[in-house]
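One structure is given here, and the rest of the page talks about it.
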Amino acid sequence: MKEGLACRGDVDVFIEFSDGREDRLSFKNTILRTGREALALCLANMVGDDFDFFISRMLFGDGGVVGTAPKTVQTDRNGLFGTTRASKPVVANIDPNNPSQLVLTSVVSFDEGNGFTLNEMALQMNSGDLYSMATFPGITKTNEMQITW
């Protein structure tokens with residue numbers, strides 16, 4: 001098993017506009033080396049005295065593209081490409097229909113992140129390390145939209 005732990009992630013985005021319109025986006029998420037290492041340490045019960053290997057925040061930034069093309073996320077990355085424009089707590093739930101699937105949810109509300117084009121998202125563990133990261137063409141955030149991730 002050359003790749004190590006086989007885990008994957010998908011990002012689903014639900015955009016709710018103040019005028020009632022709705023939009024949905026979906027893209028792949030790259031599980032980073034720090035995330036795979038955290039999983040291995042948890043499975044080996046080698047977590048030490050402080051258990052920080054849980055995802056506590058979603059970070060949203062503005063440096064995930066070159067021109068209009070999303071940047072490639074290398075697995076050794078441990079930070080956003082650009083400036084963090086929103087940092088939100090997550091709500092974690094195990095999918096009752098698929099107990100091996102974790103669903104993490106966060107909301108960038110109507111009054112957050114406005115005036116920026118969000119084009120990168122990362123899941124941050126409580127330790128501060130990133131678990132995973134995704135880049136995408138971009139969402140120009142205004143006060144006319146709320147985004148549920």
Side-chain angles (χ1 to χ4, degrees), residues 3-42 50-149:
E3 181 76 19
L5 294 172
C7 45
R8 67 176 184 86
D10 298 310
V11 179
D12 294 318
V13 182
F14 176 70
I15 304 171
E16 176 186 0
F17 294 91
S18 59
D19 65 5
R21 290 179 297 128
E22 298 176 348
D23 198 6
R24 292 184 184 268
L25 305 169
S26 187
F27 44 88
K28 293 291 180 195
N29 196 10
T30 301
I31 309 300
L32 303 175
R33 188 182 70 225
T34 50
R36 291 176 189 275
E37 289 170 355
L39 286 173
L41 289 168
C42 287
D50 294 324
F51 187 78
D52 281 340
F53 299 120
F54 61 93
I55 296 168
S56 60
R57 302 197 73 73
M58 280 190 201
L59 307 179
F60 304 93
D62 61 0
V65 297
V66 175
T68 59
K71 291 180 180 177
T72 300
V73 177
Q74 300 298 327
T75 60
D76 62 348
R77 186 150 197 92
N78 197 21
L80 294 177
F81 290 107
T83 301
T84 300
R85 299 300 180 182
S87 174
K88 302 292 297 176
V90 299
V91 175
N93 289 295
I94 302 295
D95 183 338
N97 299 316
N98 184 358
S100 68
Q101 181 171 317
L102 172 65
V103 178
L104 300 166
T105 304
S106 192
V107 177
V108 178
S109 68
F110 288 100
D111 61 346
E112 297 175 304
N114 294 325
F116 299 103
T117 299
L118 305 178
N119 51 32
E120 58 184 333
M121 183 278 292
L123 297 177
Q124 184 180 49
M125 294 183 288
N126 201 53
S127 65
D129 287 324
L130 297 186
Y131 175 80
S132 65
M133 187 173 166
T135 57
F136 45 95
I139 300 167
T140 301
K141 180 66 175 70
T142 71
N143 63 356
E144 298 293 318
M145 64 173 63
Q146 174 172 284
I147 308 172
T148 303
W149 302 79

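All values derive from a computational prediction rather than experimental measurement.
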Could you please spell out the steps behind the side-chain contact (heavy atoms from CB on, under 4.5 Å) verdict for K28 and V11? CA-CA 6 Å; K28 293 291 180 195; V11 179; over 6 Å; no
Measure the shortest side-chain to side-chain distance between [X] and [Y] over non-hydrogen atoms and say whether it is less than 4.5 angstrom.
{"X": "M133", "Y": "L80", "answer": "yes"}
{"X": "L59", "Y": "L130", "answer": "yes"}
{"X": "I139", "Y": "M145", "answer": "yes"}
{"X": "L104", "Y": "M58", "answer": "yes"}
{"X": "F81", "Y": "N119", "answer": "no"}
{"X": "I94", "Y": "L102", "answer": "yes"}
{"X": "D23", "Y": "F17", "answer": "yes"}
{"X": "F60", "Y": "V108", "answer": "yes"}

Could you state the interatomic distance from [atom1] ([X]) to [atom2] ([Y]), rounded to the nearest 0.5 Å?
{"X": "T148", "Y": "E16", "atom1": "OG1", "atom2": "CD", "answer": "7.0 Å"}
{"X": "T75", "Y": "I31", "atom1": "OG1", "atom2": "CD1", "answer": "11.0 Å"}
{"X": "L32", "Y": "D76", "atom1": "CG", "atom2": "CG", "answer": "8.5 Å"}
{"X": "R85", "Y": "K141", "atom1": "CZ", "atom2": "NZ", "answer": "14.0 Å"}
{"X": "N93", "Y": "T105", "atom1": "CG", "atom2": "OG1", "answer": "6.5 Å"}
{"X": "R57", "Y": "N126", "atom1": "CZ", "atom2": "CG", "answer": "9.5 Å"}

Whether F27 and W149 hold their rings parallel, tilted or perpendicular, with breakpoints at 30° and 60°: perpendicular
Stepwise, does the side chain to side chain donor-acceptor pair (under 3.5 Å) test hold for D12 with S26? CA-CA 4 Å; D12 294 318; S26 187; 2.9 Å; yes
Indicate yes or no for a side-chain donor-acceptor contact from [X] to the backbone of [Y] under 3.5 Å, with no hydrogens or angles considered.
{"X": "T135", "Y": "K71", "result": "yes"}
{"X": "E120", "Y": "G63", "result": "yes"}
{"X": "Q146", "Y": "V107", "result": "no"}
{"X": "D62", "Y": "G82", "result": "no"}

T117 and V65: CA distance, side-chain angles, deciding distance, side-chain contact (heavy atoms from CB on, under 4.5 Å) verdict: CA-CA 10 Å; T117 299; V65 297; over 6 Å; no
Minimal non-hydrogen separation, [X] against [Y], with atom names:
{"X": "P70", "Y": "P137", "value": "CG-N, 3.8 Å"}
{"X": "D129", "Y": "T34", "value": "CB-CB, 4.2 Å"}
{"X": "S106", "Y": "P89", "value": "OG-O, 3.0 Å"}

